Amino acid sequence: YLVAFFLTWLIVISWYSFNYEYSEHFGIVFGFGFVFFVLFYLTFLGYKLLHKEPFEGLDIVMVLANSIVFYSLGYNLLDIQEWESYLGLYTLFHALIHGVMGIVIYRQKDIDRSIFYLVSGMVLVFVTLSIPVQLDGNWVSLLWLGEALVLFWIGRTKQLPIYEKIAYPVLLLAFVSLLQDWNQAYYGGLYFEDDITRFTSLLNITFLTSLLFIGGLGYLNWLHYNKKYTPAFIKGGDEDTLVSLGLTGLFLVVTYFAFSQEIGYYWEGRFLASAPEVATGIYNNDHNYDFRILKYFWQFLYFTGFISLLLALNTVRFQRKLLGVLALCMSAAGLLFFLTAGLYDLSELRESYLLADFAGEKIPDWYALGLRYLGYVFVAMMLAFAHRQLKQLFEKQQYRIPFELTLSVTLLWVASSELLHWLDLGDAEDSYKLALTIFWGIYALGLSAIGIWKGKKHLRVAAIVLFGVTLIKLFFYDLADLSTLSKTVVFVSLGILLLLISFLYNKFKGMMEE
């Protein structure tokens, strides 16, 4: 039968490749192809079923090859006939054939169960394949997700590990399809077309698909962490398995980007519509790029809120160390972004407000002047939850020093930015060197006082370092442009601050030694 298989399909494919006429031979090729497919299918399986012999590797290869050859032949026939609308039905027809065979095999007794699993796998393969063949876009993602949910539920609740294992690659396919949906909806054609048809943010099929995907992943995670059921890979439901990390990570990734992309899409639309004339191409230099800044900053606010919520839930309910460490790393990255790019972008908004020379749509004044304070609130919230997470995961001595130093640097950075902000609004930007130097000296004095009062050596050392940096800034940067009066003021001010710090060190020397 091996010789018959290879020669028969070789003859069919050769004739089809060189002599087929789609107007005359469609029924002949399809009819004989189906007969050969069924003949070899029954040949490969019949002997094993009748003699109840185990399935071998060659048998699996032959069953797969027979199905693939006939499916490919039929698919190409329908495609040439321009019957694309029937391709999905044709794929389901293959699933039905294997399904009928699976039922027959299931009713047999004392047979190798791997035969049933092979045929069932073929059913799932063709059902999965029929979705993108017949449909496109969001339906593919949702149906693949639904298939993964059904397989996972059967495998986990009915204790059939093979179904759960099949569910994971199907779930991965659904996620890849969702990524394609996102790319097409949020970025497709954006950089190549002048006339862009935009949809309403939050009220669109892509976002609805994302919400349904989030719901499905949430149910999968709930089922996975349910102690009533045993996972397919690890006995006992260990939370730190690769499967656990993958399911949890996938849920978090989809949840975050589903909303983040909607926020970015909304502000991108505002940017495209901001030109003095009707918004057209993305390369039009008349667009107001302040809307791009708002896009990135609102996405940052969402990021800090998301991380804060994740830290809060992990502290109170989940209490997973790996998740906590990951959230802490993300919060550190968010803080660094805010102190560098975030504050710089906010200063750009302030400059746009002061210039006010844009002819098109302008951003509201409260965005230019007040959005920074909303950012302060979100960053403070993220730091507060990060502190709680550090307190839960690490001992006091392990997290206290780096967290307090980070907090000190953050406060100094934000306060310095705020000082420059108000100097710029007050048209006193020429005094920023003098003001910053004096402010840093005062901050160093306050840091020293807190370090002495609370007995925190690291804060006292940080204060000394800051004062040293302030003096270096004064001598190598400030003095070149300061007037005589300004030089006198800054030297006297820093001298007084140094005397105060010296007084505190001498008065409370005994306390520090203790």
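The structure presented is a predicted model; accordingly, all values stated were derived computationally and were not measured.
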(message) Could you check whether atom CZ of F257 has more than 12 heavy atoms from other residues, nucleotides or ligands sitting under 6.0 Å from it?
(response) no
(message) Less than 4.5 Å apart, side chain to side chain, heavy atoms only: is that true for W153 and K158?
(response) yes
(request) Would you indicate whether the side-chain heavy atoms of L343 and F338 approach each other to under 4.5 Å? (result) yes
(message) I'd like to know whether F300 forms a ring pair (Phe, Tyr, Trp, His ring centres under 6.0 Å) with F378, so could you lay out the CA-CA distance, the side-chain angles of the two residues, the decisive distance to 0.1 Å, and finally the verdict.
(response) CA-CA 9 Å; F300 166 75; F378 273 74; 8.5 Å; no
(message) Once rounded to the nearest 0.5 Å, what's the spacing between atom OG1 of T157 and atom NZ of K228?
(response) 9.5 Å
(message) Applying side chain to side chain contact (heavy atoms under 4.5 Å, CB included) to I452 and L459, what does each step give before you reach the verdict?
(response) CA-CA 8 Å; I452 294 172; L459 294 184; over 6 Å; no
(message) Can you confirm whether more than 12 heavy atoms, excluding those of R350, are under 6.0 Å from its CZ atom?
(response) yes
(message) Under a 3.5 Å distance rule, please check whether T248 uses its side chain to pair with a backbone N or O of L245 as donor and acceptor.
(response) no
(message) Please tell me whether F303 and F306 form a close aromatic pair, meaning their ring centres lie under 6.0 Å apart.
(response) no
(request) Take F259 and F207 through the test side chain to side chain contact (heavy atoms under 4.5 Å, CB included) and record every step on the way to the result. (result) CA-CA 8 Å; F259 292 90; F207 184 63; 3.5 Å; yes
(message) Once rounded to the nearest 0.5 Å, what's the spacing between atom CG of L294 and atom CD of E268?
(response) 12.0 Å
(message) Does Y367 form a ring pair (Phe, Tyr, Trp, His ring centres under 6.0 Å) with W267? I'd like the steps, not just the answer.
(response) CA-CA 13 Å; Y367 276 131; W267 287 109; 5.8 Å; yes
(message) When you measure from the side chain of N221 to the backbone of L217, do you find a donor-acceptor pair of N or O atoms at a distance under 3.5 Å?
(response) yes
(request) Could you check if a side-chain atom of H421 sits within less than 4.5 angstrom of a side-chain atom of L346, using non-hydrogen atoms only? (result) no
(request) Apply the test side-chain hydrogen bond (donor to acceptor under 3.5 Å, both in side chains) to residues W139 and T209: give CA-CA distance (whole Å), side-chain angles for both, the deciding distance (0.1 Å), then the verdict. (result) CA-CA 8 Å; W139 287 110; T209 302; over 6 Å; no
(message) Return the OG1 to CG distance between T255 and L250, rounded to the nearest 0.5 Å.
(response) 9.0 Å
(message) Looking at K321, I want to see if its NZ is surrounded by more than 12 non-hydrogen atoms of other residues, nucleotides or ligands under 6.0 Å.
(response) no
(message) List the residues meeting side chain to side chain donor-acceptor pair (under 3.5 Å) with Y373, not counting sequence neighbours, and say none if there are none.
(response) E418, W422
(message) Can you confirm whether or not the ring centre of H224 sits under 6.0 Å from the ring centre of Y229?
(response) no
(request) Could you go through the side-chain hydrogen bond (donor to acceptor under 3.5 Å, both in side chains) check for T128 and E147 one step at a time? (result) CA-CA 8 Å; T128 303; E147 183 181 355; 2.5 Å; yes
(request) Any chance you could measure L171, atom CG, to F213, atom CZ, to the nearest 0.5 Å? (result) 6.0 Å
(request) Using the side-chain hydrogen bond (donor to acceptor under 3.5 Å, both in side chains) rule, take R372 and S417 through it: C-alpha gap first, then chi angles, then the decisive distance, then the call. (result) CA-CA 10 Å; R372 62 192 305 113; S417 174; 2.9 Å; yes
(message) With rounding to the nearest 0.5 angstrom, report the CG to CD1 distance, L349 to I293.
(response) 4.5 Å
(request) Start with the C-alpha gap between T340 and Y344, add the side-chain angles, then the distance that decides, and say whether side chain to side chain contact (heavy atoms under 4.5 Å, CB included) holds. (result) CA-CA 6 Å; T340 53; Y344 174 79; over 6 Å; no
(message) Checking ring pair (Phe, Tyr, Trp, His ring centres under 6.0 Å) between F271 and each of F291, Y289, Y296, which is the one that passes?
(response) Y289
(message) Does atom OH (Y376) have a neighbourhood of more than 12 heavy atoms from anything else shown, all under 6.0 Å?
(response) yes
(message) Using a 3.5 Å distance criterion without hydrogens, assess whether the side chain of Y443 forms a donor-acceptor pair with backbone atoms of F467.
(response) no
(message) Suppose we call two aromatic rings close when their centres sit under 6.0 Å apart. Are Y219 and F152 close by that rule?
(response) no
(message) Measuring from atom CD of Q299 to atom CD of Q261, what distance do you get when rounded to the nearest 0.5 angstrom?
(response) 8.5 Å
